[in-house]
Amino acid sequence: MLTKRIIPCLDIKNGRTVKGVNFVDLRDAGDPVVLAKQYAELGADELVFLDIAATLENRKTMHKMVLQVAEQVNIPFTVGGGISSVEDVDALLHCGADKVSINSSAVKRPDLINELSDKFGSQCIVVAIDAKQVEGEWLVHLAGGTIPTKINLFDWAIEVEQRGAGEILFTSMDHDGTKAGFANQALAKLSDIVNIPIIASGGAGTIQHFSDTFIEGKADAALAASVFHFGEIPIAELKKELKQQEIPVRI
Amino acid sequence: MNIKIVNYGAGNIKSIQFAFQRLGYNAELSSDSDKIIAADKVIFPGVGEASSAMKKLKESGLDTLIPNLKQPVLGICLGMQLMCNHSEEGNTNGLGIFNVNVKRFSNKVKVPQMGWNTISNLKSDLFKGIQEEEYMYLVHSYYAEMCDEAIATSLYEMNYASALEKDNFFGVQFHPEKSSKAGEQILKNFLKI
């Protein structure tokens, strides 16, 4: 049976993890490669690396990091941040990334999704969508949720699927950072209207939140950062509890 | 050991190379017939679309070379699918090594299947030391139907063949190079065959 995935997300700047990471006894918690290996050992199903600086100078550092992760880590990983062309993706996949995630660049130029899925296959193209509710309507936001658009979340999700996205990473800006649970109503609706996997992001605070997003939110995977980085929710404990609740997970 | 990874311009080959590197082996990419024929072990990878991958194989003559190889050959993901009779993806004939057809999952399930699923009914030296219901990482929209050559099965929409074996040819739908320690064990097993 296909299991629900648990995905730690690492924010990267100049080849280092940011926001601070504070768990277990790591020699260098700022080294994404060390951290990635640790997460793989601890039972993470996949990893996401988000280049939050994503400047041109930073790109080479990022490629080097991707190469090192691919060399040393034996679970799949996705790289996102500042990707806006076929060449960008080609370089990252060449360094050993399994998937890439695109966000604002897809909203600005939706044809990018078609170009990428035609060239590399849907299976490695994740479209990340940041959205929040504005007067009761879920609207897509750009640039890390700071710039609103008039695009409806659900219309955009259907469009990205049709254009060849292999997966959707949906972050609710209303829930992100609150630790009050995922946006399960919107997530469930997304799962009903598209037929590609949905990764839930934003709002993880407790083990029950993960359980809720897999059952009520019908999510295929759940992504979180701080609850994992600060050891608030150990992945092994999370998976054990999910299994007890009869949610299929890899242990 | 002389390990060659067939290079025909399809997919993320780096991960496979790195996986062997972690095991202490150097696996070289090659599209050269003589070098592939001379290898002890051949890996036939593939990510992407079936009909265009077949086209690339034909252009380089690898479509006639691969079925005639005598050493152990391991097809991974699309590589395995291309070793079958026919694929619905791009309606293309395959290399016809495995006597089975490749079909698309229906829309009753999410497509692609993406993530970790279990492998069962294991029957091959390839799975020495691997327990029934071990988890493997899979990403695919097409699957090989159940058949006599199945050496592992998985459940997604229905039971399907997630690994195949015939003579010196092996194929796995999952990505052993991305399937944690169990995946690395399968690669090790393959090198011992």
Side-chain angles (χ1 to χ4, degrees), chain A residues 1-7 37 40-47 66-78 90 92-100 117-126 161 164-168 191 194-199 218-221 248-251, chain B residues 9-23 46-50 52-53 77-78 89 105-120 133-142 154-157 159 162 174-185 187:
Chain A
M1 190 176 191
L2 183 67
T3 56
K4 302 289 188 181
R5 286 169 284 155
I6 302 294
I7 309 176
K37 273 174 86 171
E41 291 279 320
L42 292 172
D45 295 307
E46 246 180 83
L47 297 165
V66 170
L67 202 61
Q68 286 175 333
V69 172
E71 237 173 17
Q72 299 188 35
V73 177
N74 57 14
I75 59 169
F77 67 98
T78 303
D90 198 33
L92 288 167
L93 295 180
H94 214 79
C95 290
D98 298 287
K99 300 186 250 184
V100 294
S117 69
D118 286 348
K119 176 138 172 79
F120 306 106
S122 290
Q123 80 290 334
C124 62
I125 308 303
V126 182
E161 180 187 30
E167 195 167 30
I168 290 172
S191 257
V194 300
N195 201 43
I196 52 178
I198 307 287
I199 306 171
K218 301 183 187 174
D220 299 285
V249 284
R250 175 180 72 107
I251 289 184
Chain B
N12 178 358
I13 303 177
K14 209 106 199 172
S15 305
I16 300 174
Q17 229 178 345
F18 285 146
F20 282 112
Q21 193 179 302
R22 287 195 293 274
L23 296 176
V47 173
E49 198 270 336
S52 50
C77 196
L78 179 68
E89 188 178 27
F105 288 120
S106 84
N107 284 342
K108 285 182 204 149
V109 289
K110 289 197 176 181
V111 184
Q113 166 172 228
M114 190 175 293
W116 298 78
N117 198 341
T118 50
I119 52 170
S120 311
E133 311 286 310
E134 183 57 82
Y135 294 99
M136 290 291 145
Y137 184 76
L138 299 131
V139 184
H140 62 127
S141 304
Y142 295 79
S154 296
L155 175 66
Y156 194 65
E157 190 179 0
N159 279 306
S162 46
F174 47 84
H175 287 274
E177 76 279 14
K178 285 287 161 183
S179 295
S180 196
K181 290 194 184 99
E184 287 173 349
Q185 182 61 47
L187 292 178

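- N195(A) places a side-chain N or O within donor-acceptor distance of the main-chain N or O of V109(B), the cut-off being under 3.5 Å.
- For a residue to count as touching a neighbouring chain, one of its non-hydrogen atoms must lie under 4.5 Å from one of that chain's; by this rule V111(B) touches chain A with backbone and side chain alike.
- Interface remark: S180(B) contributes backbone and side-chain atoms alike to the contact with chain A (heavy atom separation under 4.5 Å).
- Residue contact with chain B, scored on non-hydrogen atoms closer than 4.5 Å, involves the backbone and the side chain of S191(A) alike.
- Contact of E41(A) with chain B is made through the side chain alone, with heavy-atom distances under 4.5 Å.
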Fill in: Chi angles and distances behind the side-chain contact (heavy atoms from CB on, under 4.5 Å) call for Q17(B), E71(A)
CA-CA 9 Å; Q17(B) 229 178 345; E71(A) 237 173 17; over 6 Å; no
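- Remark: E167(A) pairs with R5(A), K99(A) by the salt bridge (charged side-chain N to carboxylate O under 4.0 Å, His left out) rule, at least two apart or across chains.
- Rounded to the nearest 0.5 angstrom, I7(A) CD1 and I199(A) CD1 are separated by 4.0 Å.
- Within the 4.5 angstrom heavy-atom criterion, only backbone atoms of I251(A) (N, CA, C, O) approach chain B.
- The ring-ring contact (aromatic ring centres under 6.0 Å, His included) test applied to F105(B) returns H140(B), Y143(B), Y156(B), Y160(B), not counting sequence neighbours.
- For D118(A), no part lies under 4.5 angstrom from a heavy atom of chain B.
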